[in-house]
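From a predicted model like this one, the values you see are computed outputs, not experimental measurements. The first residue in the sequence is number 1, and the count goes up from there. All ligand and atom numbering here is 1-based and tracks the order in the structure.
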Amino acid sequence: MLRRVLLAASASQRVRGLITTAPVTRDVVKRFVAGDTAADALAVTERLVGQGLSVTIDYLGEDTVDPEQAGAVASEYVALVDRLSAASLTVGGKAEVSVKPTAVGLGLAEHGEKTAAENITRICAAACKAGTTVTVDMEDHSRVEATLRVVGELRADFPDLGCVIQSYLRRSPGDCEALAVAGSRVRLCKGAYQAPDAFAFAARSEIDRNYARCMRMLLDGDGYPMLATHDPRLVAIAKSRVTTIARDPGSFEYQMLYGIRTDEQARLAAEGAQVRVYVPYGDDWYGYFMRRLAERPANLTFFLRALSSRH
Ligand code: FDA
């Protein structure tokens, strides 16, 4: 219930105004976001790579309604990849980027899919030149078909373009089956959005069961699974499956969000697993921040306590 309210609030301009102007918000946001600028993201990336972790960087923003803005977001990514490359952070794909399709134009009223495909192509070309990869994030259920179409089309030129499957969607096992093929980079997450019952599971137990099912399909397949979860039970299931099928530790990775379960990130890496941290930056952090609050009531309590202690 609380999750639904928070996710609905993430789309409300009025709540956005209240939250983003509260003086204390920035302190709480800092836990999940590297900072406002590419320089902030670079500094965090350097630190994490120095700790033996890999990184995927997200320039925050979504639901762009202006083609010029969509192009500007792509340019920001191209400049970011160039800076990562100049700092030798793209070597071996240590630092890559994650892109939200609606940030680069998918939701435009006209030619959205074409615009997103062109902008992602520009980012992929820069990443390819720098020796690293791009992963296309998955947004709400209404974007899934178009996003998978764009990724499928661009994989002809950029076979290592990654995509995301969300286990809260009923359709996901079918998508995993189609995507568990050689060279296919697939991030599996639970899903951070709301969707009608016809499309998605609502119960945590069903979402988790579907995650375990999808994970097994990806691990048993020929692609490159990217297991994005902080859930200790699912990580344990992954470890057990990897041992049973003797999967090479270099043939898959765990992924977690910046600021969440950092001890577990370090522990997995120390055990010899590949671990990639999702590092967001930029000043358009509202939607991302609200989804993090929605995932965990304790985050909301912490935020509300911080708010009230300032008044
Ligand atoms: P779950 O929510 O059950 O959490 C398990 C445990 O992890 C919690 O008990 C807690 O300890 C910790 N935890 C989880 N979230 C926390 C939080 N916000 N604050 C503090 N602790 C927390 N979604 C999407 O729809 N599209 C996408 O493209 C992506 N991309 C993506 C990339 C990466 C690298 C990750 C890790 C996640 C995503 N997600 C995403 C988000 C994902 O769908 C999901 O909402 C979160 O990962 C939380 O789900 P968990 O699997 O961690 O389980």
Residues 115-124 vs salt bridge (Lys or Arg N to Asp or Glu O under 4.0 Å), sequence neighbours excluded, gives K114-E118
Lys/Arg cation over aromatic Y288: R292, 6.0 Å, 45° cone
yes
Atom pairs, nitrogen or oxygen, ligand 1 to protein, under 3.5 angstrom:
from     : atom 1 : to   : atom 2 : distance (Å)
ligand 1 : 3 (O)  : K190 : NZ     : 2.8
ligand 1 : 3 (O)  : R204 : NH1    : 3.1
ligand 1 : 15 (N) : E295 : OE1    : 3.4
ligand 1 : 18 (N) : R292 : O      : 3.1
ligand 1 : 18 (N) : E295 : OE1    : 2.8
ligand 1 : 18 (N) : N299 : ND2    : 3.3
ligand 1 : 19 (N) : N299 : ND2    : 2.7
ligand 1 : 25 (O) : Q166 : NE2    : 2.8
ligand 1 : 25 (O) : A192 : N      : 2.9
ligand 1 : 26 (N) : M138 : O      : 2.8
ligand 1 : 28 (O) : M138 : N      : 3.0
ligand 1 : 30 (N) : R187 : NH1    : 3.2
ligand 1 : 43 (O) : G191 : N      : 2.7
ligand 1 : 45 (O) : E295 : OE2    : 2.5
ligand 1 : 51 (O) : T229 : OG1    : 2.6
ligand 1 : 52 (O) : H230 : N      : 2.9
ligand 1 : 52 (O) : H230 : ND1    : 2.7
ligand 1 : 53 (O) : K190 : NZ     : 3.1

**Asked** Can you check whether L179's main-chain N or O pairs, donor with acceptor, with S184's side chain at less than 3.5 Å?
**Response** yes
Excluding L108, membership of its hydrophobic cluster (Ile, Leu, Val, Met, Phe, Trp, Tyr; side-chain heavy atoms within less than 4.5 Å) reads none
Contacts of Y193 meeting side chain to side chain donor-acceptor pair (under 3.5 Å) (sequence neighbours excluded), chain-then-number -> none
query = Given the rule in the salt bridge (charged side-chain N to carboxylate O under 4.0 Å, His left out) test, do D160 and R155 qualify, once you have shown the distances and angles that lead to the verdict?
reply = CA-CA 7 Å; D160 57 9; R155 277 187 172 184; over 6 Å; no
